[in-house]
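Quick caveat: nothing in here was measured; it's all calculated off a predicted structure. Atoms considered below: every heavy atom in the structure, side chains included; atoms not considered: hydrogens, waters and symmetry mates.
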Amino acid sequence: MTDTTSETPPTATPFWQQQTTRLWLSTSTIVAIGLIAGGFLLGDGLVRAKEADRSVTVRGLAEREVTADLATWTVAYSASAPDLQSAQAAVDQDTKAIEEFFKKIGFPEEALQPTGVNVSFYSDRGVPRYTVRQRLTLRTTDIERAENAVKRQVELVRRGVVLEDGSGMAYTFTKLDEIKPDMVAAATKDARAAAEQFASDSGTGVGKIRKATQGYFSIDARDGEAGGWGVSDTPYKKVRVVTTVDFSLD
């Protein structure tokens, strides 16, 4: 008798349970997670970059009135004559008058020093003319006495001394390094105040300094530059500095 019982065919493995499919799904999941995480980090980075770009650039000003601590007066004078000896003798006479003038005001002898001499010659229709020019320079830290000398310079004219162009007192402030730190701090404070006003109007806050640039210091006459014939410099100065500061905004 023939056995008619047939063998049951093997059951097929579902698609999602196949090894290849499972490997593919696992890889896809990892890639998807990576893309999501990368997108989040990229977006967060862009937000941070945008926040970091929020800034305001302002300028701060600081000014201070000071008094010069050095006075320099170059006295230029000359004399002319048909011969060199006579011209030099006239200049020597003027030199003596100038030295007596400063001594009378109270300056020590060493405060006045010769700083230059020049001799020129020309002929006027055959008549020789020699001109001797000389310069004496007063250098002092006694500002009050220097101002007094300027007020009394007409006494030199009365003594016969002809002052040439370039004769005038110059006042200098030499202690800038001593006030620089405080002035830079004041200028930075002024810049922050301007940044805070800007931030207040924009509904934000002021953060840290991102970048700062110090401008140059200027020293000018307190009441404006004096000019014109016979007008001397002034010992009263105004020191000024401007800083440019870049603040981040919260």
side-chain contact (heavy atoms from CB on, under 4.5 Å) evaluation trace for Phe217 with Val184: CA-CA 10 Å; Phe217 280 81; Val184 170; 4.0 Å; yes

Worked verdict on Asn148 versus Glu144 for side chain to side chain donor-acceptor pair (under 3.5 Å): CA-CA 6 Å; Asn148 186 35; Glu144 183 177 356; over 6 Å; no

side-chain contact (heavy atoms from CB on, under 4.5 Å) assessment of Leu112 paired with Glu99: CA-CA 8 Å; Leu112 190 66; Glu99 290 174 344; 3.9 Å; yes

From CA spacing to verdict: side-chain contact (heavy atoms from CB on, under 4.5 Å), Tyr171, Glu147: CA-CA 10 Å; Tyr171 296 97; Glu147 289 186 281; 3.4 Å; yes

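In this view, Thr244 satisfies the side-chain hydrogen bond (donor to acceptor under 3.5 Å, both in side chains) rule with no residue, not counting sequence neighbours.
Note that OG1 of Thr204 is 4.5 Å distant from CG of Leu249, once rounded to the nearest 0.5 Å. In this structure, CG on Asp246 lies 6.0 Å from NZ on Lys211, to the nearest 0.5 angstrom. Going from atom CG of Asp233 over to atom OG1 of Thr172 covers 7.5 Å, rounded to the nearest 0.5 Å. Note: Glu65 CD to Lys238 NZ = 6.0 Å, rounded to the nearest 0.5 Å. The distance from the OG1 atom of Thr174 to the CG atom of Leu176 is 9.5 Å, given to the nearest 0.5 Å. The line from CZ of Arg210 to OG of Ser248 is 7.0 Å long, rounded to the nearest 0.5 Å.
Val206 and Ala199 make their closest contact through CG2-CB, 3.7 Å (heavy atoms, listed as atom of the first residue, atom of the second, distance). Nearest approach of Gly106 to Arg145, heavy atoms of both residues: CA-NH1, 3.6 Å. Of all heavy-atom pairs spanning Ser78 and Val91, the tightest one is C-CG2, 4.2 Å. The two residues Leu163 and Val75 make their nearest non-hydrogen contact at CD2-CG1, 3.5 Å. Closest non-hydrogen pair, Ala146 versus Met169, comes out as O-CE, 3.4 Å. Contact between Ala149 and Phe107 at its shortest, heavy atoms only, is CB-CE1, 4.1 Å.
Under the 4.5 Å side-chain heavy-atom criterion for grouping Ile, Leu, Val, Met, Phe, Trp and Tyr, Ile219 is not connected to Leu70 through any hydrophobic cluster. At a threshold of 4.5 Å between side-chain heavy atoms, the hydrophobic network of Ile, Leu, Val, Met, Phe, Trp and Tyr places Val242 and Val245 in two separate groups. Note on Leu61 and Val58: separate hydrophobic clusters, where clusters join Ile, Leu, Val, Met, Phe, Trp and Tyr whose side-chain heavy atoms are under 4.5 Å apart, directly or indirectly. Under a hydrophobic clustering in which Ile, Leu, Val, Met, Phe, Trp and Tyr are joined whenever their side-chain heavy atoms come within less than 4.5 Å, directly or via other members, Val150 and Leu136 fall into the same cluster. Under a hydrophobic-cluster definition in which Ile, Leu, Val, Met, Phe, Trp and Tyr are linked whenever side-chain heavy atoms come within less than 4.5 Å, directly or via other members, Phe121 and Val119 are assigned to the same cluster.
A ring-centre distance under 6.0 Å is found for Phe102 and Trp73.
Residue pairs satisfying the side chain to side chain donor-acceptor pair (under 3.5 Å) criterion with at least one member in residues 115-136, sequence neighbours excluded, are listed as follows: Tyr77-Gln134, Ser80-Thr131, Thr95-Gln134, Thr115-Thr137, Arg133-Glu164.
Looking at Thr57 and Phe198, their side chains never come closer than 4.5 Å, going by heavy atoms from C-beta outward. Inter-residue side-chain proximity for Val241 and Tyr216 is flagged as unmet; no heavy-atom pair is nearer than 4.5 Å. In this structure, Arg192 and Ile209 have side chains that are in contact, with non-hydrogen atoms separated by less than 4.5 Å. Within the 4.5 Å cutoff, side-chain heavy atoms of Asp69 are placed close to those of Phe173. Residues Arg64 and Asp182 are in side-chain contact: their nearest non-hydrogen atoms beyond the backbone lie under 4.5 Å apart. Looking at Gln113 and Arg139, their side chains never come closer than 4.5 Å, going by heavy atoms from C-beta outward. Annotation: side chain of Thr234 is not in contact with side chain of Asp223 (no heavy-atom distance under 4.5 Å).
Within 6.0 Å of CD in Glu63 there are more than 12 heavy atoms belonging to other residues, nucleotides or ligands.
Under the 4.0 Å criterion applied to side-chain N and carboxylate O atoms, Glu155 and Arg152 are assigned as salt-bridge partners.
Side-chain atoms of Thr140 come within 3.5 Å of backbone N or O of Asp142 as a donor-acceptor pair.
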